[in-house]
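Just below is one structure, and these are the notes that go with it.
Source: prediction; values computed, not measured.
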Amino acid sequence: MTFKHNFKKVLSATAFAAALVVAPAANVSAATNDASSTQQSATATSQDQQASQDQAASQSSAANQSSSTSTSSATSTSTVKKVAKKTKKTKKTSKKKAVKKTSKKSTKKTTKAATAAVTASADQSQATDQQDDAAKRAAEAAAKKAAAAKKAAAKKKAAAKKAAAKKKAVAKKATAKKKAAAKKKSAEKAAKYWIAMRESGGYYTARNGSCYGRYQLLISYLGGDLSKKNQERTADRYVYGRYGSWVNAKRFWLAHNWY
């Protein structure tokens, strides 16, 4: 507004100067008065315009202030609402994040617990399998040991039975041999006695020509010893040397009536 007022003042002064140059000298005074009046009028007009402009500026300032206040108030309210909305949104986001974090943490914890449970179950299952395998191996070892012991016992029993049978056979054979020997001895004794009774009647002093004693041996066989002991020994030596036994000598005697 001040720029316009000054521009008008400059314009009036320029017009006045032009009038002075153009107008005749006689009219200089009148022109000067007219210019002065015009300037006063312009000044008054300028003052009125300035007052109007000041009032308008004041009203505009008031309006602007009011508008600014309203705008500021509206802006403040809007800002508060935005802040509240943002705070609410932030709280909601934080709450959502917290819930998500808690859920994630809970899920992680649950997953970890489930994994631990699965691992523990797997470990327990593995331990059970190992125990079962150990028990199975122990049972197999025990069965194998029992079978080996049974086999060893059976083998030992068979060996003992075989040894007993062998011993029994040997004993039986020995008994039979002993019995046979006893029988043979008895037969030999009986045959010897039978010949003695046939030769001398059983007398150790019986004599028949060149034969002497219980078995009627040549006196030369006795070698000058006529004792009972020497007669028994010489008769056995003669019979076993010639016939092999008294039984064979008896058999010969029965066939030839002498031996």
Side-chain angles (χ1 to χ4, degrees), residues 120-259:
S121 179
D123 292 340
Q124 187 176 2
S125 178
Q126 187 178 3
T128 304
D129 291 340
Q130 289 177 353
Q131 289 177 355
D132 291 340
D133 291 339
K136 189 176 180 180
R137 286 196 297 270
E140 288 176 354
K144 191 174 181 180
K145 189 176 181 181
K150 189 176 181 180
K151 188 176 180 180
K155 190 175 181 181
K156 189 176 180 181
K157 189 176 181 180
K161 190 176 181 180
K162 188 176 180 179
K166 188 176 181 179
K167 189 176 180 180
K168 189 176 181 180
V170 170
K172 189 177 181 180
K173 189 176 181 180
T175 302
K177 190 175 181 180
K178 191 176 181 181
K179 192 176 181 179
K183 188 177 181 180
K184 184 179 179 181
K185 188 177 180 180
S186 180
E188 287 290 296
K189 189 177 180 181
K192 188 178 181 180
Y193 179 78
W194 186 89
I195 289 175
M197 294 305 291
R198 290 297 182 274
E199 290 293 327
S200 64
Y203 291 98
Y204 285 99
T205 57
R207 187 167 184 172
N208 183 14
S210 59
C211 295
Y212 183 83
R214 183 179 176 87
Y215 302 99
Q216 290 299 296
L217 298 172
L218 293 173
I219 294 175
S220 59
Y221 287 173
L222 295 174
D225 186 0
L226 303 177
S227 64
K228 294 180 180 181
K229 187 176 182 180
N230 188 44
Q231 287 185 37
E232 293 288 338
R233 184 170 55 247
T234 303
D236 286 336
R237 186 168 59 248
Y238 168 76
V239 169
Y240 285 115
R242 185 169 181 171
Y243 302 106
S245 67
W246 285 100
V247 173
N248 291 336
K250 180 185 176 180
R251 191 177 293 115
F252 184 88
W253 198 101
L254 287 172
H256 300 90
N257 203 28
W258 61 276
Y259 76 105

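For the atom pair CG (N257) and CZ (R198), the distance works out to 9.5 Å, reported to the nearest 0.5 Å. Considering OG1 of T234 and CZ of R214, their distance stands at 14.0 Å, rounded to 0.5 Å.
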Give every donor-acceptor pair under 3.5 Å between a side-chain atom in residues 189-197 and any protein atom, sequence neighbours left out.
residue: K192; atom: NZ; partner: E232; partner atom: OE1; Å: 2.6
residue: K192; atom: NZ; partner: D236; partner atom: OD1; Å: 2.9
residue: K192; atom: NZ; partner: D236; partner atom: OD2; Å: 3.3

If you look only at distance, which donor and acceptor atoms sit under 3.5 Å apart when one is on a side chain in residues 156-185 and the other is two or more places apart or in another chain?
residue: T175; atom: OG1; partner: A171; partner atom: O; Å: 2.6

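No side-chain heavy atom of R237 sits less than 4.5 Å from a side-chain heavy atom of Y221. In this structure, R251 and N248 have side chains that are in contact, with non-hydrogen atoms separated by less than 4.5 Å.
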Evaluation steps, side-chain contact (heavy atoms from CB on, under 4.5 Å), between Y212 and L218: CA-CA 6 Å; Y212 183 83; L218 293 173; over 6 Å; no
Derivation of the ring-ring contact (aromatic ring centres under 6.0 Å, His included) call for W246 and Y215: CA-CA 12 Å; W246 285 100; Y215 302 99; 5.5 Å; yes
Verdict with reasoning, Y259 to E199, per side-chain contact (heavy atoms from CB on, under 4.5 Å): CA-CA 10 Å; Y259 76 105; E199 290 293 327; 3.7 Å; yes
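In this structure, F252 and W258 have perpendicular ring planes: the angle between them is above 60°, well past the 30° mark.
Across every non-hydrogen atom of I219 and R207, the tightest pair is CD1-NH2, 3.4 Å. The minimum heavy-atom distance linking C211 with Q216 is given by the pair CB-OE1, 3.4 Å. Contact detail for V239 and A249: the closest heavy-atom pair is CG1-CB, 3.7 Å. Nearest heavy-atom pair across S200 and A206 is CB-CB, 3.6 Å.
Checking side-chain atoms of D225 against main-chain N and O of N230 turns up no donor-acceptor pair under 3.5 Å.
Within a 6.0 Å radius of OH in Y203, no more than 12 heavy atoms belonging to other residues, nucleotides or ligands are found. Annotation: E140, atom CD; neighbour count of heavy atoms from other residues, nucleotides and ligands within 6.0 Å is above 12.
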